[in-house]
Each structure stands twice: as structure tokens, then as C-alpha cells.
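This report concerns only the one structure given below.
Side chains are part of it too, since the values below use all heavy atoms of this structure and drop only hydrogens, waters and symmetry mates. For ligands, and for the atoms within them, numbers begin at 1 and follow the listed sequence. All residue numbers in this chain count up from 1 along the given sequence.
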Amino acid sequence: MNQTSTPTSVPAKVDYKRIATEEAFAPAEMLEMYKKILAGPDPDPGFVSLMGFYMSSTAARPRHIIEHLTDLGEKRLAHMDAAGIDRQIIALTSPGVQVMEADTAVAFAKVANDELAQAVRNHPTRFSGMVAVAPQNPREAAKEIERGIQQLGLTGVIINSHTHGEYLSDPKFWEIFEAAEANDTPIYLHPNTPPRNMIGPLRECGLDGAIYGFGVETGMHALRIITAGVFDRFPKLQMILGHMGEALPFWAYRLDYMHRATVLSERYESMKPLKKKPSDYLKENFIITNSGVAWEPAIKFTQDLIGADRVMYAMDYPYQHAIDEVIAMDGLALSAEDKKRFFQTNAERVFKLV
Ligand code: 1DF
Ligand code: MN
């Protein structure tokens, strides 16, 4: 498996643009702040497991990742050229500001967004960027969405799943959804490690990170947003999920059956009737990327469920920096039209690139 940048071969020239939609960056200043949080009292165990590891390991993959997370210039562009990536949609890496204390998070989100916006201005044909927000302060998050979209020229909002163990299904956060809907911009719900009260059994066997814990936590988060009625309240809101929808497409039948059964039997105060089936929201309010999953059966299954106009390409640079996967995705058995949708035109529509 190609886990670093060493190309095994070179992607062919193709008649579509390759737009990679879940690509990460980290300001060097944020990594310094992370060091302090890690050295402080009782840091979040998921944060220790994830960033504590990447920032201290001397193994090749973590060193490659840390070196390239902070670059928004020539190194990144050279890697994009070598992998045939025309444009990256860049977001503040997980957990972004969400691991910080509220006031610091609000202030640093602005710094990170200014830095990303500057990189996009420097390389307008190669980079686009998403707005990072601090859900710790929903009012400020809503204002930052407006500033990021209307003034900084960013596109989309990145939220790295839970914030100190809290989920966006709680109405206290819904100002954020209101702002995204009002600014007609999608929210990318990106993984985080599971929170303190969930991580135990995953951490003890090494399954808390991107291998599985990310997907369990983020899939559950998306489901909580659906079952809380967020899309009945904000019907135009669009959310993006990576990693083939964190497996939710595969769950769709069971979710629909059991949601209906649970609601009808009035089992939980917290599970109220919805206007539509859970899978209907997946089809109408979600866009799914194949970040981390360069695998044709999963991509085709998801296209069958939610439509080929809702499934987009992502690489997850620098975490899954794998040129052989670009070549594999060029070889997907799709019509020329659907291939172009997957790599290019869906992203252009969703992020308003043209
Ligand atoms: C990892 C994977 C880390 C993804 C990430 O951000 C990330 C990893 C800290 O492999 O530890 O975004 N990913 O999306 O798959
Ligand atoms: Mn990612």
C-alpha cells in the first residue's frame, strides 16, 4: 500500500478535472496550541491518541503528514501535480478549534480562516477553502460563516464532528444550521475521535481513529442530526459526509424500518416523528465523498442509493496521500458523464466553483 508520496505510476491525462474535496491543513501556530493542550491537565483521550501521536511519532507516515499539513504552497502544489489533482477543497484538520476552550476557539477560527483565504487568493485556480467555526459559541460560529462566505471567499463550512462531547443535534447549536442555510453553503461533517465517554472500548484495541472510531462517531452524529429533525426545520440545508457517508448508506434499510417502528411504539421521548424517512434525508440533504475509500463497489452502491450527482471524489491529503488510488478511481466503471460528475461537476456545483 502506498502510504507516502512515492508514485508507483503517474495518472493519465483525462478530460475531466480532478477536484479533491476533503483535504486538510494545519497552521503551524495551531500545532503549537495543540502542544500546550496536550501538556495541560487531563487532555481529551481521543485528542491524545490522535494528535498526540501524530505530533510525537518518528515513523514515516506521521512525519509525512505533519510536514505537509502546514504547507499551503509549493510542496502541496507539487504533490497535487504529481497526483493529477487540479484543485483541492481545503479544510482545517480535525479536531481544528473544537478541542480548544471557547474564547480561544472563536478567535483562532478567524486566524485559520484568514490564513486559508490568503492561500486561496494566492492560488485561486488550485485551492478552495472551507470556513472553520467554533461550535462552542454558536452565535460567533454563525457570524464566522457569514464572514467566511461573504467576505473571505471561502466555500462550505467544516465541522469536525463533536465538540467536547456535544452534538449538533442539540437545538442550542441550530443557529449554525440557520447560517449555513441562509448563506447557501454546505456543512462538511468531518470525523473526530470519539469523545471521552465513548472512546474506551475503541481505544483499548486501537480502533478509535480513522480505521473505525471516526466512522462510528461521525455516522452517529449525522444520524442524531437527522433524527433530531434538523432537516425538517432547515429543509434546504446540505451536509457533506466523507468516507462513503460513514457507512450510513449501507444502514439505510434498517434505519428506515427501525426508526418507524420506534416512533410508532413511542419508545423514546427523544425520537419524535419526522416528515420523511431517514434515507430520504440521506438522498435530499447529503452529499457523500469517497475520502479514504477508493473502492468501486461502495461508490456504486452509494450512487445507486443517493444519485450519481451526490457522490464526490476526495483524497484526504495528506492523510491518505496515495497516487495509485487516483489511478484506480480514473478506472471506475462509470459512464464518461458520471465519471465527470464524480471528479468534477458535483464539486463545482456544491462548492459553487463556476
Ligand atoms: C486521519 C484520517 C486523520 C483522516 C485525519 O485528521 C483525517 C488518520 C486528523 O488517518 O489519522 O481527516 N481522515 O479523514 O480519514
Ligand atoms: Mn479527513
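The protein heavy-atom contact nearest to atom 10 (O) of ligand 1 is Arg61 NH2, 3.0 Å. Here the heavy atom of the protein found nearest to atom 2 (C) of ligand 1 is Ala210 CB, 3.5 Å. The closest protein non-hydrogen atom to atom 4 (C) of ligand 1 is Asp316 OD2, 3.3 Å. The protein heavy atom nearest to atom 1 (C) of ligand 1 is Tyr319 CD2, 3.5 Å. Nearest protein heavy-atom neighbour of atom 11 (O) of ligand 1: Tyr54 OH, 2.5 Å.
Per-residue contacts place Thr93 under 4.0 angstrom from the following atoms of ligand 1 (heavy atoms of the residue considered): 6 (O), 9 (C).
Between the Asp309 side chain and the Asn346 main chain, no donor and acceptor come within less than 3.5 Å of each other. When atom types are taken as modelled, the side chain of Glu23 and the backbone of Phe127 share no donor-acceptor pair closer than 3.5 angstrom.
Looking at Asp15 and Lys339, no side-chain N of the basic residue comes within less than 4.0 Å of a carboxylate O on the acidic one, giving no salt bridge.
Taking the six-membered ring where the residue is Trp, the centroids of Tyr34 and Phe47 are separated by under 6.0 Å. In this structure, the ring of Phe286 has its center less than 6.0 angstrom from the ring center of Phe231. In summary, the aromatic rings of Phe214 and His243 are positioned with their centroids too far apart to meet the 6.0 Å limit.
Contact between Met315 and ligand 1 is absent, with no heavy atom of the residue lying under 4.0 Å from the ligand. Residue contact annotation: Gln320 has no non-hydrogen atom under 4.0 Å from ligand 1. Residue contacts with ligand 1 leave out Gly209, since none of its heavy atoms falls under 4.0 Å from the ligand.
When non-hydrogen atoms are compared, ligand 1 lies under 4.0 Å from the side chain of Met51 (C-beta onward) but not from its backbone.
For Glu22, the N, O or S atom with the smallest separation from the Mn ion (ligand 2) is OE2. The Mn ion (ligand 2) lies closest to atom OD1 when only the N/O/S atoms of Asp316 are considered.
Residue Tyr167 forms a side-chain hydrogen bond (donor to acceptor under 3.5 Å, both in side chains) with just one option from His162, Arg224, Glu217, and that option is Glu217.
When only modelled atom types and interatomic distance are considered, Asp114 and Gln118 share no side-chain donor-acceptor pair under 3.5 Å.
Residue His190 counts as close to the Mn ion (ligand 2), with an N, O or S atom under 2.8 Å.
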